[in-house]
Engineer: 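Okay, here's the structure, questions in a sec.
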Amino acid sequence: GQSLEQPSEVTAVEGAIVQINCTYQTSGFYGLSWYQQHDGGAPTFLSYNALDGLEETGRFSSFLSRSDSYGYLLLQELQMKDSASYFCASSGNTPLVFGKGTRLSVIA
Amino acid sequence: EAQVTQNPRYLITVTGKKLTVTCSQNMNHEYMSWYRQDPGLGLRQIYYSMNVEVTDKGDVPEGYKVSRKEKRNFPLILESPSPNQTSLYFCASSSVGQGARDGYTFGSGTRLTVV
């Protein structure tokens, strides 16, 4: 089977850095993806990691450790508009499976 | 514009009345999928399709049907809706080979209420 664990809620201050962790158990693991979803909106793709290490895209970075079955999403210079839910998702022998999501609240 | 189009956006129906939620994509994607989203449960896959005439059950297929007669369309059918199918539904598509790497494209969602 496949399962992913991530914190349900995180709160951080505007301008700060926040890390959202994700651990996974995935048969035939290929890679880890991250999606952002604002309230009332559709999930949108942020990043994908297939190899160990850090991938940076602007203020957002994503990290993967295959040996630890662990990854994280790092958001820097937080802005109010980053308040949203963030989902990790693993791809493997079956189609993409999503975690339950982490609700990020950015406060002034 | 590359997009996944779902209709309707909102639907209120009564128990037992058959309904169809349509999904269409204009990106020539092979892979299409339906998810339902409920508070605290994340996105759960209902059915997916790897190509025309190929469909498979996801994690929560009970009470749903799908068809893939054309590459661009993947309708979700509820033959006899029940209140526990009240949820937010998303259709998504991607290319098969690079789907995870390039990301799934989601439709805007359909909020279904069954009374």
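First the proteins, then the strands, lettered A, B, ... as listed; each starts at 1.
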Engineer: What's the shortest heavy-atom distance between A:Phe98 and B:Leu43, and which atoms?
Structural biologist: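 It is CD2-CD1, 3.8 Å.
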Engineer: Which residue, B:Tyr35, B:Tyr31, B:Tyr48, forms the side-chain contact (heavy atoms from CB on, under 4.5 Å) with A:Leu96?
Structural biologist: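 Testing each of B:Tyr35, B:Tyr31, B:Tyr48 against A:Leu96, the sole residue satisfying side-chain contact (heavy atoms from CB on, under 4.5 Å) is B:Tyr35.
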Engineer: Can you establish whether the number of heavy atoms outside B:Arg111 located under 6.0 Å from its atom CZ is more than 12?
Structural biologist: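 At most 12 heavy atoms, drawn from other residues, nucleotides or ligands, come within 6.0 Å of this atom.
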Engineer: So which atom in B:Ser108 and which in A:Ala42 form the shortest heavy-atom distance, rounded to 0.1 Å?
Structural biologist: CA-CB, 4.3 Å
Engineer: So for A:Ser91, is it side chain, backbone, both, or neither that comes closer than 4.5 Å to the heavy atoms of chain B?
Structural biologist: side chain
Engineer: Hydrophobic clusters here meaning ILVMFWY residues chained together by side-chain heavy-atom distances under 4.5 Å, can you tell me if A:Leu104 and A:Leu4 are in one?
Structural biologist: yes
Engineer: For A:Gln37 and B:Phe90, what are the C-alpha separation, side-chain angles and deciding distance, and is it a side-chain contact (heavy atoms from CB on, under 4.5 Å)?
Structural biologist: CA-CA 12 Å; A:Gln37 185 183 28; B:Phe90 286 102; 3.5 Å; yes
Engineer: Identify the two heavy atoms, one from A:Ala50 and one from B:Arg101, that lie closest to each other, and give their separation to 0.1 Å.
Structural biologist: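 Scanning both residues, the minimum pair turns out to be CB-NH2, 4.1 Å.
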Engineer: Within a reach of under 6.0 Å around NZ of B:Lys71, are more than 12 heavy atoms found that belong to other residues, nucleotides or ligands?
Structural biologist: yes
Engineer: Which atom pair, heavy atoms only, marks the closest approach of B:Tyr104 to A:Tyr35?
Structural biologist: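 Looks like N-OH, 2.8 Å.
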Engineer: Just wondering, are more than 12 heavy atoms of other shown residues or ligands nearer than 6.0 Å to CD in A:Gln19?
Structural biologist: yes
Engineer: Distance check, rounded to the nearest 0.5 Å: A:Lys100 atom NZ versus B:Gln37 atom CD?
Structural biologist: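 Interatomic distance, A:Lys100 NZ to B:Gln37 CD, rounded to 0.5 Å: 13.0 Å.
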Engineer: Atom CZ of residue position B:Arg44 - does it have more than 12 heavy atoms of other residues, nucleotides or ligands inside 6.0 Å?
Structural biologist: yes
Engineer: Check whether more than 12 heavy atoms from other residues, nucleotides or ligands sit under 6.0 Å from atom CD of A:Glu14, and answer yes or no.
Structural biologist: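 Atom CD in A:Glu14 is packed in, count exceeds 12.
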